[in-house]
Structures are given as C-alpha cells and as structure tokens.
Asks: 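Provided herewith is a single structure, encoded as structure tokens, for subsequent inquiry.
Letters A, B, ... are given to chains in the order of the sequence lines, protein chains preceding strands, and every chain is numbered from 1. Keep in mind that the numbers below use all heavy atoms, side chains included, and drop hydrogens, waters and symmetry copies.
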Amino acid sequence: MGSFLAFAQICQKAAGIGSSLEKVEILAGYLRDLQEADLGIAATFLIGEAIPGQELGVGPSILYDALARAMGCTPGQVADLMRSTGDVGLVAAAAAEKKRPLSLAAFAGSDGLELAEVQGRFMAIARASGRGSQEARVKNLHYLFSEASPLEAQFIARLAMEDMRIGVGEGLARDAIARAFDLDPEEVERGYNLTSNLELVAKRAREGRLAELGVAINRPVKMMLAQIGENIPAALAQGAVAVEWKYDGARVQIHKDGPAIRVFSRRLEDVTASLPEIVQVVRERVWAREAILDGEVVATGGDGRPMPFQDILRRFRRKYDVDRMARSVPLKLNLFDILYLDGEDLLNRTLQERRRLLTKAADQGILADQVVCADQAAVQKIYDEALAAGHEGLMLKNPSSPYAPGKRGKNWLKIKPVMESLDLVVTGARWGEGKRASQLGSFRLGCRDVQTGELLDVGWVATGLSEDLLAELTGILRDLIVKESGMEVEVAPQVVFEVGYEEIQRSPSYSSGYALRFPRLIAVRDDKSPEEADSLERISEIFRIQRGRAGS
DNA sequence: TGTGGCTGCCC
DNA sequence: ATTCTGC
DNA sequence: GCAGAATGGGCAGCCACA
C-alpha cells in the first residue's frame, strides 16, 4: 500500500537536493516500487497535480480557513504565520503539531494516510459545488490535516495549492519515470506532451506501452512555444526564417473530426462553447475532413485594428451572453500550423511542409500570413507593418524544424519592441513567499498627479529583482513602513523605480486609471526623488500613441 | 437580489 | 506573461 | 540552455453574505 507519509518523505528529501540527477535518481527509486494505482497518484502529486485535469477550487483563502480550524485559531493568525514563514507547508505542519484530533481513530493513533485516501479527499473537494461547497472544501481539508503528521500536513497543504515547491516540475518527473522503468526520457516526454496526463504516462511507462500514446483527434497536444529573440539580424544568422506577425490574441488548438469541432486554449481547456464563430468559420473554411490546427484568435474592431487584449479575455471561458458578446467583440482566426491531417501525424514534418499542407487544408482567408525570407531589410519592413497594425511584433520560425509539443526552443523566436521605461514611486510592498519568505517580494507603484501632488496607483512590480537587490530593498523599505495590514505594508514615498513593461492598459482597479502589462524592474533610481517621477500625463500620452496608434 | 471576494486561466 | 538562479 | 520558482494585470463564473 502506498503510504502518504512515504511520499511526503520523498518530497522532503527531493526539496533538500540541489542536483537534478540525484533528485531524479531518488524519485525513480521511489516510483519504481509503487503498485500501479499508487504510481499514478504519486506521479501526479509530485508535480503538484492533486487530480489530473480537474480544478480543486481551493486557494489561499479556503486553505487558511481549514488550517485555522485545524489549529483552533483564527484565519488572521494563520495569515500572521504566513507572513513570518512565507510557506503554507510550514504553517500546515505547525497546525498538525497542535491539532485537536477530530476522530477516535486519530486519538488511537491511526494507521496513517494512504495516497489513495488523500486523492479521494481531493476528489471530494473538486466535486463540491453549489450552496455549501466552500464549507465542504474546508471540512475535507480539515479532516486531512487532522489525520496527518506534521510532515504529511506540509505536503497536503502544498498539494491543495497545487504548488509543491520541491524543485520538481514536469521535466524532472518525466525523467524520474523514465529512470524508474529504464526507458528513453524522450519517449516519456513524447507521451506526456501528447496526452498531458502524467498518471497515464507513468502507468504506460511501467507496462512498456508508451508507444500507444499517439496524436489523436480530441486529445489536445501540448502547444509549441516561442523564445524571446535578440533581434532580427541574430534570428537570421542561421539563414532564412518563416516570418509571421505576432498577434496580440489568444492561442487556440482546433480539432476537427468531420462536422465535429472543438477548440482548446493554451492550457488545453475546452473553450468551444465560448467561441461559436470560430467553430462556424472552421466548419465553412477548413476543407480537411480530420485535422488538428494551431493558431491565434484576435479581436478585431470596426477599423480593422486589434481590440485591446482585455476584450479577448471577455470572450474566453464565457458561458452566458455568448452570442451578444460575439457581436461586440468579434474574433478572427489566424491559423499558422497543422499537426494532424486525415489520419496522419505531421509533428515530424518540417514547418515548411506543414505550411504547404495547411494551405491545402484551409481557406487562405483564415491563415496567418507567412513569408520565408532571409533578407534583413525585408523582415524589418514586415516588423514595422505588424507594429503599425497594432500587433506585438514578429514570430521568426525555423522553416526546417518539426513541431515540438510543449517545447520552448529557438526554432520559434518572438521579436518585440522595447517600450520606453517609466520612473515610478514605491508607495508600498508585500511580504513574499517561498524563496522570498520574510522579505518584501513585490512593490506598489505610484505616478505623480501634477494637479493635486498626490501619488496615484499604477499597479505592482515583482520581477527583474536579483536576490541581492531584494534583500537590500527589504532593508531600506522596512525603515520606511508607515502602516501594515495583512501581507501588505505602506511606505513613505522615497524610493523611485525605473520600470519596464510591454504596454499600458486601462485599469478598472488602480486609481490612476492605468496599469502596466508585464511590469519589471529595470533599475532603482537612486538619483531621482519622488518629485521627479513620471506623471499621469506622461502615462496617458504613451497610452494614446502606443502600438502604432495616432501619429504614425 | 445585488455585490464583493475567491479561484483559475488568458496574456 | 517576465525574470532570475542553480545545474 | 533548461527547468523551476516567484511574481505581474484582468477577465468570467461561482459562492457567501448582507
């Protein structure tokens, strides 16, 4: 029988090992000796998937509730512990230390939790819906904590958050499965990328039947991803590239089985019901009987320019008012790849070959434009056109590369412009978690309102900081704290950050009315005072002219 | 019945 | 999404 | 160069609660 304690001990061990190879070795040894059912559970648990492909509906709020109940304290006290430890796992371990036993079994010293029992509780948590469902989730978590030893509780809490933080992700889990059953890691990786189901992959690996996992209609394939490219000349160094616009939209993978059409999102969610016009256009303009197609949908306004990304978000996952919203935010399909055609897996064909087949399989009008080109000036011209049209930049792809599911490699490069940065005042901060425990991990930003002299919120920044800088900033800002509540602090406005971003968005939640898309710290401006920070006027002016709007 | 907080997922 | 870090 | 970790804005749907 697979004990959850043994799993937790392996997690603890893995978390303490730096070397990936050593980590894989230990995980492999553990997985190898499990029975089939436990192997499936343990494999998915390792990557923080409580139940393959299902939502738990548990976040910090419900988890802290359950922990508070287990410890017999208030959620506020749990939040205090979070601030000092920055780790739900450690808080849960503490809860298990001082728990009040729920059941007689716990008094008597229970037999310990089984992997299957823990997953069963998570299933009950995932199934809960409707009135009283949040209470049901809390109760099931509370039960698990009441039965758990401190070490078990640590990883139950991390599982509930679907975030194990043991330095094991999909990559190492795959390698561990391969090592456990003496298989080629590439084969395991292929099986996983074609099914996204580590439980299934682990079981098939054990049986030596990985080869049975192939490309099939209605089984979404992990999407191939792009790396950031340096610039156009560097991308052209290896020769000609396939050039496409990088659309500011949402990725879709479309499965067509005759008249039956399904649309999957980047995370392979079925979004068919939200996108009726995409289904319709595929029905009318894809000639292939069976196909798996890859593309990007963009919202297009009356002027033919792309609508803000926020509008696309209003379409995805929508269940109600779908038709009305389809009229106000119409989506256009831009197909750029084909992975499967009439019974044939095309993954190992070259991009050039796939493009040729795509051209035959669908109407030109729903394909993303593509040219194969080795000339720097010509690529630059397309780049300028993409930006002038309001899109993000270019995709430059290696014409002779296969479709590599789930890979983010140099065969697909994205080229985007660097926006001029903003100098913004740090007005607050938030205590971090994990690696950033007991440090300030994200920073609230303000711009100047010239009329009133006030600082207006433009959001937060939390990336672009090295560990040294993080520590230094914590030291500086700690002395500037004027107010503290929960995980957040307010600081006297003295520090100025130079902040980079991709785009300025209208914001419904920040007082300036604007927010930055993908904010990152470029530098701390020791040389600038808050009075010299950028103004709301400057932000709204950049907003007005960005992305080739106005003045071009 | 309306609303605000929470969660998951787009980027 | 972006960015930093250790292997 | 890769994989993992820590973090951003903003949307819909759902649930709790007033």
Asks: Go through the steps for A:Phe497 and A:Phe443 under the test ring pair (Phe, Tyr, Trp, His ring centres under 6.0 Å), then give the verdict.
Replies: CA-CA 9 Å; A:Phe497 278 4; A:Phe443 305 88; 5.6 Å; yes

Asks: Cation-pi check, A:Arg251 to A:Phe264: give yes when NZ or CZ is under 6.0 Å from the six-membered ring centre and within 45° of the ring axis, no otherwise.
Replies: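 A:Arg251 over A:Phe264 ring: no.
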
Asks: Touch check for A:Arg430, heavy atoms < 4.0 angstrom, all strands: base, sugar-phosphate only, or nothing?
Replies: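 Sugar-phosphate: the residue A:Arg430, judged by heavy atoms under 4.0 Å, touches backbone atoms but no base.
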
Asks: Which listed nucleotide (D:dA6, D:dG9, D:dA12) is nearest to the side chain of A:Phe309?
Replies: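 The answer is D:dG9.
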
Asks: Choosing from D:dC15, D:dG10, D:dG9, which nucleotide comes nearest the side chain of A:Ser133?
Replies: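 Of the candidates, D:dC15 comes closest.
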
Asks: Are any side-chain N or O atoms of A:Asp534 and backbone N or O atoms of A:Asp423, one a donor and one an acceptor, separated by less than 3.5 Å?
Replies: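 Yes; at least one donor-acceptor contact below 3.5 Å.
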
Asks: Using the side-chain heavy atoms of A:Pro508, tell me which of these nucleotides is nearest: D:dG10, B:dC11, C:dT2.
Replies: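 The listed nucleotide nearest to A:Pro508's side chain is D:dG10.
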
Asks: Closest nucleotide of DNA chain D for A:Gly169 versus for A:Arg137: which of these residues is on the 5' side?
Replies: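 Closest to the 5' end, via its nearest nucleotide, is A:Gly169.
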
Asks: Toward the 5' end of DNA chain D, which comes first, A:Ala173 or A:Gln505, by nearest nucleotide?
Replies: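 Going by which nucleotide is closer to the 5' end, it is A:Ala173.
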
Asks: I'd like a list of close polar pairs between nucleotides 4-7 of chain C and the protein, N/O only, cut-off under 3.5 Å.
Replies:
residue, atom, partner, partner atom, Å
C:dT5, OP1, A:Glu467, N, 3.1

Asks: Considering only side-chain heavy atoms of A:Leu172, which listed nucleotide, D:dC14, D:dA3, D:dG9, is closest?
Replies: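 Of all the options, the side chain of A:Leu172 is nearest to D:dA3.
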
Asks: Describe the nucleic acid contact of A:Ile166 in one word from base, sugar-phosphate, nothing, applying a heavy-atom distance below 4.0 Å.
Replies: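 The answer is sugar-phosphate, as A:Ile166 gets under 4.0 Å only of primed atoms, P, OP1 or OP2.
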
Asks: Select base, sugar-phosphate, or nothing to describe what A:Lys414 touches, counting heavy atoms under 4.0 Å on all strands.
Replies: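 Here A:Lys414 touches the backbone only, sparing every base.
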
Asks: Counting any heavy atom closer than 4.0 Å, what does A:Arg506 reach on the DNA or RNA strands: base, sugar-phosphate only, or nothing?
Replies: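 Sugar-phosphate, no base atom in range.
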
Asks: Check every atom of D:dG9, C:dT2, D:dA12 against the side chain of A:Arg314 and return the nucleotide holding the closest atom.
Replies: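 When the side chain of A:Arg314 is considered, D:dA12 is the closest of D:dG9, C:dT2, D:dA12.
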
Asks: Less than 6.0 angstrom from the centroid, inside 45 degrees of the normal: does A:Lys246 satisfy that with respect to the ring of A:Tyr383?
Replies: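 Judged by the rule, A:Lys246 and A:Tyr383 form no cation-pi pair.
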
Asks: Taking only side-chain nitrogens and oxygens of A:Arg517, does any of them come within less than 4.0 Å of OP1 or OP2 of D:dG9?
Replies: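 No, outside the criterion.
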
Asks: Select one nucleotide: of D:dG10, D:dG13, B:dC6, the one nearest the side-chain heavy atoms of A:Ser61.
Replies: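 In terms of side-chain proximity for A:Ser61, the closest of D:dG10, D:dG13, B:dC6 is B:dC6.
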
Asks: Between D:dA6, B:dC11, B:dC10, which nucleotide has the shortest distance from any of its atoms to the side chain of A:Ser265?
Replies: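 For the A:Ser265 side chain, the nearest candidate turns out to be B:dC10.
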
Asks: Among the nucleotides B:dC10, D:dG8, D:dA16, which one has an atom lying closest to any side-chain atom of A:Ala462?
Replies: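 Among B:dC10, D:dG8, D:dA16, the one nearest the side chain of A:Ala462 is D:dG8.
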
Asks: Provide the closest heavy-atom pair for A:Asp248 versus A:Val298 in the form atom of the first, atom of the second, distance.
Replies: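 Result for this residue pair: O-CG1, 3.8 Å.
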
Asks: Could you tell me whether A:Glu186 and A:Arg174 make a salt bridge, using a distance below 4.0 angstrom between a side-chain N and a carboxylate O?
Replies: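 Salt bridge: no.
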
Asks: Which is true for A:Gly500 with a 4.0 Å heavy-atom rule: it touches a base, it touches only sugar-phosphate, or it touches nothing?
Replies: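 If one applies the 4.0 Å heavy-atom cut-off, A:Gly500 turns out to touch nothing in the nucleic acid.
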
Asks: At 4.0 Å (heavy atoms only), tell me whether A:Arg317 reaches a base, stays on the sugar-phosphate, or touches nothing.
Replies: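 Base, at least one base atom sits under 4.0 Å.
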
Asks: Nearest to the side chain of A:Lys416, heavy atoms from C-beta on, is which of C:dT2, B:dC11, D:dA6?
Replies: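 From the listed options, C:dT2 comes nearest.
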
